[in-house]
Structure formats: structure tokens, C-alpha cells
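What follows is a short report on a single structure.
Naming convention: chains lettered A, B, ... in sequence-line order (proteins, then strands); numbering from 1 in each chain.
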Amino acid sequence: MYALVDGNNFYVSCERVFRPSLNGRPVIVLSNNDGCAIARSNEAKALGIKMGAPWFKIRHMEQEAGLVALSANFTLYGDMSDRMMSLAAGLGPSQEIYSIDESFIGLQGVRGDLVSRAFKVRARIHQWTGIPTCIGIAPTKTLAKLANHIAKTAERKPGSYPQMLAQVCNLATLPAQDLDDVLQATAVSEVWGVGPRIAKQLQDGGIRTVLDLTRMDTATIRRGWSVTLEKTVRELQGQSCIELDDAPGPKQQIACTRSFGKPMHELGPLVEAVSEFAGRAAEKLRKQNCLASELLVFMHTSPYRPGAQCSRSVVVPLRRPTDDTLALAQAAADGMRYMYVPGFRFIKAGVILVELQPASVQQWELDLEPLAHEDAATATTPRDRSRLMTAMDAINCRYGKGTVHSAATGKQGPKREWGMKQERRTPQYTTRLEDVPVVRA
DNA sequence: TCTGGGGTCCTAGGACCC
DNA sequence: TCTGGGGTCCTAGGACCC
């Protein structure tokens with residue numbers, strides 16, 4: 001048995017905790033660069049604002065409907081997420097943190113009434129963090145996701161599922177006929193694992209509701225689609241195929257990519273940008289104790305703008321697997337210089353570290369050449385460099401991101417040419433001393 | 001006229017998730 | 001003027017092996 005605990009409109013809810021005046025109003029949180037809506041309050045959804053809607057297209061609602069748009073404050077959301085997750089963990093013996101706002105809880109061995117237990121955990125999360133949640137309970141993860149969707153919909157649109165409570169939904173104890181009715185009332189596109197593409201194909205084949213999909217023959221699904229969708233159908237039928245992953249392994253790739261605040265056409269700032277991205281990625285790499293053997297750099301023009309497009313990428317093999325910021329920044333800069341072509345307005349670039357391996361596994365090699373040139377140039381040994389990285393991470397952790405950084409990344413702060421647009425950022429209420437709210441008596 | 005069988009590995013692309 | 005970022009998994013097809 002599984003539960004899925006999910007924060008409602010999570011980013012918006014995080015903002016509302018510290019600005020209660022936003023309650024009851026249509027609020028959205030914008031993606032990086034204030035590009036598009038990535039979280040919407042119920043009131044914003046009611047205005048018809050779609051997930052991913054470009055800000056410039058809905059901006060008029062600011063005046064017309066009192067819409068409030070905020071720049072994403074991921075530092076805040078990450079911290080609020082940690083608090084929410086630690087409380088959600090109280091629901092059962094195991095937990096998989098599936099995304100910033102969702103976790104699956106394994107309920108094996110939990111006694112008593114699961115629904116009342118879920119309501120208690122939900123109330124505690126709300127009281128202690130201010131975040132409203134919904135909880136779905138079912139025999140498989142896919143059904144738990146569905147149950148969560150039903151709990152949310154029942155809350156947001158009262159009467160949509162007359163059989164069900166709002167906020168907490170347990171599909172496991174539902175009488176068979178009621179379960180069929182609920183599955184019949186839910187579109188197949190709501191199923192976890194069915195994206196827009198497959199939803200269209202299913203609908204074209206007359207499979208419109210979750211009940212239709214649940215009743216499909218698994219062999220037919222496998223032949224017509226894939227083993228992935230077959231698992232989804234089996235999960236809907238109550239056969240657990242997707243295990244709880246409560247100890248995810250290290251990531252297989254680490255990316256840092258950004259759209260620019262304005263298009264870039266010169267090489268200089270592009271080199272600075274990817275050097276910076278490489279450094280950020282290297283930090284994440286060290287956090288999971290891995291080395292990268294290859295680095296991929298890419299850049300492209302805006303697909304939304306008319307005219308000639310340019311999209312380039314290059315894989316830079318590394319002489320030795322490394323987690324060194326300076327070596328990775330150098331590789332990223334080399335890659336950028338190699339692939340750069342003048343005459344285009346580049347809107348986005350990024351660095352992806354691939355072929356990762358544990359730092360504990362060391363490939364020995366014959367001593368056929370002196371130290372790599374980057375080491376020789378700075379007259380440091382690999383061990384010095386490793387200590388330097390540890391020191392950098394410690395300083396940046398204590399005094400804030402970017403306190404020390406590679407000089408290749410150019411000047412820091414909002415003045416940088418390629419920096420992103422964030423005109424509506426809220427304070428870092430929980431992670432910056434100066435930003436902590438003050439209560440006055 | 002007629003050209004095997006069985007396997008692995010890699011890559012690109014497509015689909016999905018939040 | 002203005003359209004996010006970071007992941008995972010699967011599959012098909014090609015290269016290559018004996």
C-alpha cells in the first residue's frame with residue numbers, strides 16, 4: 001500500500017506562507033527569466049491560465065483580474081520542501097521523495113485507519129509549515145497518484161467526485177462499483193505515465209477514461225505501445241510494478257542550463273556563462289561524490305523567433321575523470337570556443353556532465369606524461385586542487401553561492417550581461433538572515 | 001538462381017515526469 | 001520585446017563481433 005503526499009500549487013503555497021495577503025487572489029509563479037507560469041493558485045487556474053503559459057501573453061490579467069506574478073524563488077521552495085518532507089515521512093515506515101513537492105510513503109505494516117491517519121499528518125504539515133497538501137492512498141504508486149488527483153479535484157471542484165472526500169482519497173477501500181465510477185469519471189490523460197502523445201493515441205483508439213485503459217489487455221498495450229505503458233496498465237489493475245525507491249542512487253547526468261535575459265551574440269559572455277554553468281554543475285557533482293568523464297556544452301537560438309536558427313553542441317572528453325571546477329570550466333570554455341559561430345542571437349546555453357562515476361573508483365594509469373597542463377600552469381598537485389575545491393564549497397556554503405568562483409566566469413551579480421531576468425523575486429525568508437520576517441507586537 | 005545466425009554495444013530520438 | 005530547467009527510461013537502428 002502506498003500514499004502520495006503532494007503540496008497543493010506548491011510554489012504559490014510557499015509564497016503565501018510569508019505573504020498571507022496573497023490568499024484568495026489569483027497568483028502565479030514564473031519560471032526562470034520570468035518566462036512562463038510554472039505554478040498557479042486555484043484562482044489563477046480558474047482564470048484559465050494554463051501550465052507553461054508565456055508571461056507576456058497573460059500579463060494583461062495583472063490589470064484586468066488582479067493577477068499577481070512572482071519570480072521563482074527556488075531557494076525558498078527547496079527549504080520549505082525539506083520541512084514538508086520530514087513531516088510527510090511520519091505517515092509510514094518508508095519514503096521516496098519523488099519531486100520537490102511530492103513524496104510516496106510506503107504504508108506496509110501501518111495499522112489502524114489510514115484515512116484518519118492521513119488527515120492527521122496533513123493537518124500537522126499545514127500547521128507546522130503552512131503548506132496545504134492532498135494525500136492519495138492505493139495499492140500501487142500509479143493508483144496512489146490517481147487517488148491524489150481525485151483528492152485534489154474533489155477539493156477544488158466540489159461535487160466532481162460525489163463518492164469521495166476532499167483532501168484525502170483512499171482507493172483501496174472503495175467498493176468495486178464506486179471505484180469503476182471514479183475511474184469512469186477521470187480522463188485517461190490524468191494517468192501518471194500517459195503524456196499528451198499517448199493520450200491522443202489512446203483517445204483515437206476509443207480509450208477515453210481511466211476505466212477504459214484499466215480494462216485493456218496488457219499484451220495489446222505492449223504490442224501497440226511499450227513495456228512502460230504496459231506497467232502503467234498493470235498498476236491501474238492493482239498489480240504493483242513500480243517499486244518504492246527510498247534510496248535513489250547518484251544521478252547519471254548533471255546539468256546546468258539557462259536562458260539568457262537577452263540574446264547573446266558575442267563569444268566573450270557566452271564563454272563566461274558556460275564557465276559559470278560548469279562550476280555550478282561541478283558543485284553538484286562533488287555533492288554526490290562523483291567524477292565526470294565527459295562534458296557536453298550546447299547553445300541555441302530562440303525557436304520562437306523567426307529567421308535562421310542555430311543549434312550547436314559539442315562533447316568534450318576529459319583527460320581524466322574529474323570534479324574540479326577549474327578543469328570543467330576550462331573544458332566548457334574550450335567547447336564553446338570550438339562550436340561558436342558569429343552572427344546569431346543565442347538565447348540559451350548549458351553544460352551537462354555525463355559519464356559519471358563514483359569518486360572512490362580510481363583509474364590508475366601508466367605514468368607516460370607529466371601532469372596535465374592545467375595543473376602545471378597553476379603549480380598545484382591534484383591533491384592541492386581537491387583541497388581547494390573543498391575549501392571553495394565550504395566558503396560558498398557558509399557565505400552564499402558565488403562568494404568565491406572561477407575568474408573565467410566574469411563579474412558576478414545582476415550586472416552580468418547574460419544574467420537572467422527576475423523582476424519579481426520575493427525574499428529568501430527562511431535561508432538568509434537579513435530576509436527573516438520580523439514579528440512586531 | 002543463389003548470400004546465416006546470434007549476439008553486444010552505442011547512439012539518437014522520443015516519450016514521460018515534475 | 002517577451003516562451004524554464006532538470007531529470008529518467010525505452011526503442012529502433014546501425015556498427016561490429018564471431
What contact category does [X] fall into here, base, sugar-phosphate, or nothing, at under 4.0 angstrom with non-hydrogen atoms?
{"X": "A/I198", "result": "sugar-phosphate"}
{"X": "A/V191", "result": "sugar-phosphate"}
{"X": "A/K145", "result": "sugar-phosphate"}
{"X": "A/N33", "result": "nothing"}
{"X": "A/L30", "result": "nothing"}
{"X": "A/D101", "result": "sugar-phosphate"}
{"X": "A/K348", "result": "sugar-phosphate"}
{"X": "A/K262", "result": "nothing"}

Which of residues 288-306 of chain A sit near DNA chain C, with a heavy atom under 4.0 Å from it?
A/Y304, A/R305

Expected rows: protein N/O vs nucleotides 10-14 of chain B N/O, under 3.5 Å:
none

Residue pair [X] / [Y], side-chain donor-acceptor N/O under 3.5 Å:
{"X": "A/S94", "Y": "A/Q108", "result": "yes"}
{"X": "A/N73", "Y": "A/T426", "result": "yes"}
{"X": "A/D34", "Y": "A/S71", "result": "yes"}
{"X": "A/W225", "Y": "A/Q201", "result": "yes"}
{"X": "A/R286", "Y": "A/T325", "result": "yes"}

How many whole angstroms separate atom [atom1] of [X] from atom [atom2] of [N]?
{"X": "A/I49", "N": "C/dT3", "atom1": "CD1", "atom2": "P", "answer": "18 Å"}
{"X": "A/R280", "N": "C/dG4", "atom1": "CZ", "atom2": "P", "answer": "18 Å"}
{"X": "A/M61", "N": "C/dC2", "atom1": "CE", "atom2": "P", "answer": "21 Å"}
{"X": "A/E423", "N": "C/dC2", "atom1": "CD", "atom2": "C1'", "answer": "10 Å"}
{"X": "A/D6", "N": "B/dC17", "atom1": "CG", "atom2": "P", "answer": "14 Å"}

Between [N] and [X], is there an OP1 or OP2 to side-chain N/O distance shorter than 4.0 Å?
{"X": "A/R59", "N": "C/dT1", "result": "no"}
{"X": "A/S31", "N": "C/dT3", "result": "no"}
{"X": "A/T228", "N": "B/dA15", "result": "no"}
{"X": "A/K231", "N": "C/dC9", "result": "no"}

How does DNA chain C look in dot-bracket notation if pairs are Watson-Crick or G-U with both distances under 3.5 Å, crossing ones as [ ], other-strand ones as |?
....||||||||||||||

Check this for me: A/Q63, atom CD, are more than 12 non-hydrogen atoms of other residues, nucleotides or ligands nearer than 6.0 Å?
no

If you count heavy atoms of other groups shown closer than 6.0 angstrom to CZ of A/R345, is the number above 12?
no

Kindly compute the distance separating CZ (A/F277) from OG1 (A/T257), expressed to the nearest 0.5 Å.
7.5 Å

Beyond-backbone contact of A/E96 with A/Y2, side-chain heavy atoms, under 4.5 angstrom
no

Test log, rule salt bridge (charged side-chain N to carboxylate O under 4.0 Å, His left out), inputs A/E102 and A/K152:
CA-CA 13 Å; A/E102 284 173 71; A/K152 272 192 181 162; over 6 Å; no

